[in-house]
Amino acid sequence: MKIKFQADADFNQTILNAIVRSEPLIKFQTADAAGLRGMQDEDVLERAAKSERLLVTHDHRTMPANFAEFISTQESPGILIVPQHLELTTVVDDIILIWMVSDAEDWINRIAYLPL
């Protein structure tokens with residue numbers, strides 16, 4: 001099954017828009033569409049898991065620990081942490097590459113950091 005992505009509330013909308021423009025078949029849901037604004041990390045992880053979407057976030061401070069706690073009791077479609085200092089083209093290319101060469105099952109309970 002192809003990966004579906006979920007943007008965290010902190011994820012740069014410009015990056016999301018560039019990804020979808022570059023590869024229109026990618027299913028990348030905004031935080032607003034998922035109702036994630038103002039939610040705690042645990043609730044964001046749960047919402048992403050219920051919708052079977054890999055969470056994409058800039059939050060490298062609290063999300064890794066909360067992700068570890070989350071997967072100790074339930075399954076997650078995974079999390080991708082994107083440093084804010086990365087160039088737009090690098091992020092877009094890496095996320096499209098992930099989408100092209102891997103399946104959703106490859107990301108279960110996995111955390112990864114860009115760049116690849």
Side-chain angles (χ1 to χ4, degrees):
M1 179 168 55
K2 284 309 254 180
I3 298 171
K4 297 182 294 183
F5 296 93
Q6 175 61 62
D8 196 359
D10 73 343
F11 193 66
N12 184 325
Q13 188 70 38
T14 302
I15 296 171
L16 189 152
N17 292 339
I19 291 167
V20 173
R21 269 195 310 272
S22 296
E23 184 49 71
L25 296 177
I26 287 181
K27 295 187 185 316
F28 209 131
Q29 184 167 257
T30 66
D32 288 337
L36 301 182
R37 297 239 178 250
M39 287 185 139
Q40 297 296 316
D41 287 354
E42 299 82 5
D43 298 325
V44 170
L45 290 163
E46 187 171 334
R47 182 80 51 97
K50 283 184 179 175
S51 64
E52 299 179 341
R53 291 178 180 271
L54 184 136
L55 183 65
V56 184
T57 184
H58 292 299
D59 181 0
H60 61 90
R61 293 181 190 193
T62 63
M63 196 56 84
N66 287 318
F67 179 72
E69 179 71 25
F70 184 84
I71 63 172
S72 72
T73 60
Q74 51 196 314
E75 191 171 273
S76 169
I79 184 172
L80 184 61
I81 298 183
V82 179
Q84 290 192 19
H85 70 275
L86 282 183
E87 289 187 27
L88 175 73
T89 55
T90 300
V91 176
V92 171
D93 290 347
D94 281 1
I95 290 177
I96 291 173
L97 180 62
I98 288 168
W99 178 78
M100 289 174 60
V101 303
S102 62
D103 293 318
E105 295 79 21
D106 299 330
W107 289 87
I108 293 174
N109 292 340
R110 181 176 168 196
I111 187 170
Y113 295 80
L114 290 187
L116 294 176

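In this text the structure is predicted, and so the values were computed from the model without any measurement.
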For Pro77 and Ala49, work out which heavy atoms get closest and say how close. CD-CA, 3.5 Å
Considering non-hydrogen atoms only, spot the tightest contact between Pro115 and Thr90 and give its length. CB-CG2, 4.2 Å
Remaining members of Ile108's ILVMFWY cluster at a side-chain heavy-atom cut-off under 4.5 Å? none
Let me confirm one number: the CG-CD1 distance from Leu25 to Ile96, rounded to the nearest 0.5 Å. 10.5 Å
Any donor-acceptor pair under 3.5 Å linking the side-chain atoms of Thr62 with those of Asp41? yes
Taking atom CD of Glu105 as the centre, report whether more than 12 heavy atoms of other residues, nucleotides or ligands fall under 6.0 Å from it. yes
Short side-chain to backbone donor-acceptor contact, His58 and Asn12, under 3.5 Å: yes
According to a 4.5 Å side-chain heavy-atom criterion applied to Ile, Leu, Val, Met, Phe, Trp and Tyr, with indirect links allowed, do Ile79 and Trp107 form part of one hydrophobic cluster? no
Taking C-beta and beyond as the side chain, do Phe70 and Glu42 meet within less than 4.5 Å on heavy atoms? no
Spatial distance of atom CE (Met1) from atom CG (Asp106) [nearest 0.5 Å]: 11.0 Å
Step by step, work out the side-chain contact (heavy atoms from CB on, under 4.5 Å) result for Leu80 and Ile95. CA-CA 9 Å; Leu80 184 61; Ile95 290 177; 3.9 Å; yes
Report yes if some heavy atom in the side chain of Trp99 is under 4.5 Å from a heavy atom in the side chain of Val101; otherwise report no. no
Candidate list Asn17, Val20, Thr14, Ile19, test side-chain contact (heavy atoms from CB on, under 4.5 Å), partner Val92, passing option: Ile19
Heavy-atom count around Gln74 CD within 6.0 Å, excluding the residue itself: above 12? yes
Supply the atom-to-atom distance Phe67 CZ to Ser72 OG, rounded to the nearest 0.5 angstrom. 10.5 Å
Taking all atoms of both residues into account, what is the closest heavy-atom pair of Asp59 and Arg61, and its distance? OD1-N, 3.1 Å
Do side-chain atoms of Ser51 reach the backbone of Arg47 as a donor and acceptor pair under 3.5 angstrom? yes
Within a strict 4.5 Å, meaning less than it, do heavy atoms of the Phe5 and Phe11 side chains meet? no
Kindly say whether Val56 contributes a backbone atom to a donor-acceptor pair with the side chain of Asp8 at under 3.5 angstrom? no
Glu23 atom CD, over 12 foreign heavy atoms within 6.0 Å: yes
Cluster link Ile81 to Phe28, ILVMFWY, side chain under 4.5 Å: no
Under a single-linkage definition using a 4.5 Å side-chain heavy-atom cutoff for Ile, Leu, Val, Met, Phe, Trp and Tyr, are Tyr113 and Val91 assigned to the same hydrophobic cluster? no
Hydrophobic cluster identity match, Ile26 and Leu114, side-chain contacts under 4.5 Å: yes
So, using side-chain hydrogen bond (donor to acceptor under 3.5 Å, both in side chains) as the criterion, who are the partners of Asp103 when residues are at least two apart? none
Gap separating the OG atom of Ser76 from the CG atom of Leu45, nearest 0.5 angstrom: 6.0 Å
Check whether Asp94 reaches the backbone of Leu116 with its side chain - one donor and one acceptor, N or O, closer than 3.5 Å. yes
Separation between CE of Met100 and NZ of Lys2, rounded to the nearest 0.5 Å: 7.5 Å
Do Met63 and Met39 share a hydrophobic cluster, counting only Ile, Leu, Val, Met, Phe, Trp and Tyr and linking them when any side-chain heavy atoms are less than 4.5 Å apart? yes
Is there side-chain contact between Arg53 and Lys27, with at least one heavy-atom pair below 4.5 Å? yes
Is the backbone N or O of Thr30 less than 3.5 Å from a side-chain atom of Gln6, with the two atoms forming a donor-acceptor pair by type? yes
Contact between Leu55 and Val44 at the side-chain level, heavy atoms closer than 4.5 Å - yes or no? yes
Below 4.5 Å, heavy atoms only, C-beta onward: do Leu54 and Lys4 meet side chain to side chain? no
